[in-house]
Amino acid sequence: MYFDAHCHLHELDEEEMKELRGYVIAAVSDDVESSKKTLKLAQKLKNVVPCFGVHPWVVDKASMSCMREIEVLVSSSEICCLGEVGLDKKFVPQTFSKQVKFFEGFAKMAVEYGVPLNVHAAGAWREVYEVLLKSDVEKALLHWYTGPLDLLEELTAKGYFISINPAMELQRKHMVIAMEVNLRRVLVESDGPYEYRGLRLTPKLIPKTLETLAKARGLRVEELRSIVESNFREFFGFTRRVF
Ligand SMILES: [Zn+2]
């Protein structure tokens with residue numbers, strides 16, 4: 001069994017979806033509409049943890065009433081998380097102040113409902129961390145972490161997680177993170193179906209990513225797979241549901 005901590009499942013094509021037997025997927029959404037799609041997928045497929053949210057890339061098109069719609073989905077789901085939510089100063093710095101309003105709202109919601117946050121923090125790693133601390137968020141995953149190493153230490157010591165993406169083979173700064181991070185705080189993700197430097201990311205790349213990471217860290221693949229599995233179960237807290 002493989003565990004993908006961050007995948008835009010609602011965007012995968014039919015063929016890719018059929019190939020996901022043997023995978024447990026934390027399926028993130030980008031807005032209210034895709035959150036509803038994700039919920040439908042999770043009702044149909046047992047191996048999906050639905051995550052609802054408004055991506056920082058699209059907050060400019062969203063109104064604060066979206067938060068209430070997302071809250072309805074969260075309050076009616078037994079197991080779920082909030083995501084993809086967060087802050088981004090790298091690709092959409094122009095909407096930063098609106099992003100902060102949304103992200104603070106989602107952080108508050110996470111605390112209120114006791115659900116984890118699946119977070120995007122490109123170019124805003126420290127800012128995201130500060131909102132998490134200020135809001136007393138207990139569980140957060142900073143996906144595809146490429147932030148500073150000192151912050152990595154700090155946030156994993158606080159109990160927050162990061163995820164490693166198949167792009168580690170192509171992106172040096174991500175490989176450096178993979179080499180350094182405390183393995184008790186690591187998840188693995190695809191961020192599918194995003195494309196990175198010509199590489200189409202899909203959950204199917206997870207086994208290869210585990211191999212690369214295991215090799216880099218001097219572990220057997222099965223050893224690492226089992227660490228990642230127990231981290232995933234702890235993070236998403238699905239003891240009541242058997243995968
Ligand atoms: Zn994503």
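Order of appearance sets the numbers: ligands from 1, and atoms from 1 within every ligand. Only heavy atoms go into these numbers, but all of them, side chains included; no hydrogens, no water, no symmetry mates.
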Original post:
Taking the six-membered ring of Phe96, is NZ or CZ of Lys89 closer than 6.0 Å to its centre and within 45° of its axis?
Top reply: yes
Original post:
Got a salt bridge between Glu14 and Lys18, using NZ or NE/NH1/NH2 to carboxylate O under 4.0 Å?
Top reply: no
**OP:** Could you walk me through whether Glu16 and Thr202 pass the side chain to side chain donor-acceptor pair (under 3.5 Å) test, one step at a time?
**Re:** CA-CA 8 Å; Glu16 285 170 318; Thr202 82; 5.0 Å; no
Subject >> Name of whichever N/O/S atom of Glu84 is nearest to the Zn ion (ligand 1) >> reply: OE1
**OP:** Please determine if the Zn ion (ligand 1) has an N/O/S atom from His120 lying under 2.8 Å away.
**Re:** no
Original post:
Taking the Zn ion (ligand 1) as the vertex, how big is the angle to NE2 in His6 and OD1 in Asp191, rounded to 10°?
Top reply: 90°
Subject >> Heavy-atom closest contact (Ile70 atom, Met109 atom, distance) >> reply: CG2-SD, 4.4 Å
